[in-house]
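Atoms within each ligand, like the ligands themselves, are counted from 1 in listed order.
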Amino acid sequence: MLMDFGAEYANYTADMSRTIPVNGKFTLRQKQCYNAVLRTFKELKKMYVPGQNINEINEKANKLMEKEMINLGLFTDEDIKNQDKEKPLFKKYFMHGVAHHIGLDVHDVGSKHEIFKPGMVLTCEPGIYIQEEGFGIRIENDILITNGNPVDLMEDIPVEVEDIEDMMK
Ligand SMILES: [Mn+2]
């Protein structure tokens, strides 16, 4: 079950997504796909620093997810070589951007080209949706840009497969 939700407090918003196995335990395949998204999420989080922008993060997300999808057997290297560049194969399973500004509104004002500055908060939300296998996965946290490392405002909320399964027990 994929849940995308958030709390509001003192006029500010939050936006988070978690995906949990309905019966409390991921199948092997679900776990493989979940961890593909989680690896991508962790890699992308590092990019939430001054000087970056949403476009760069989306491009990186597309590259990482494409590679994960090859490993998951959704298509092959060969398929990528032969794909229509206007319609890349990964878009069948991952068709949205991974970051938007957040603040007074859940999707706050801001352009995809705008260079990140300390104090900005953006979402990080890669996903994979495999219609023919009957499930979709998205992981989303809100990330604060600082002069140093990115601060994951939701890092205390369980996201690892084992932690989610433990909680559901
Ligand atoms: Mn979002």
>> Nearest 10°: the angle subtended at the Mn ion (ligand 1) by Glu140 OE2 and Glu125 OE2?
In response: 80°
> Aromatic rings Phe90 and Phe94: how do their planes relate, parallel, tilted or perpendicular, breaks at 30° and 60°?
Replying inline: tilted
> Would you find more than 12 non-hydrogen atoms of other residues, nucleotides or ligands less than 6.0 Å from Glu132 atom CD?
Replying inline: yes
>> Suppose we only count N/O/S atoms under 2.8 Å; would His100 qualify as near the Mn ion (ligand 1)?
In response: yes
>> Can you tell me how far apart CD1 (Ile54) and CE (Met47) are? Round to the nearest 0.5 Å.
In response: 11.5 Å
> How are the rings of His107 and His100 set relative to one another: parallel (under 30°), tilted (30 to 60°) or perpendicular (over 60°)?
Replying inline: parallel
> Within less than 2.8 Å of the Mn ion (ligand 1), any N, O or S from Asp15?
Replying inline: yes
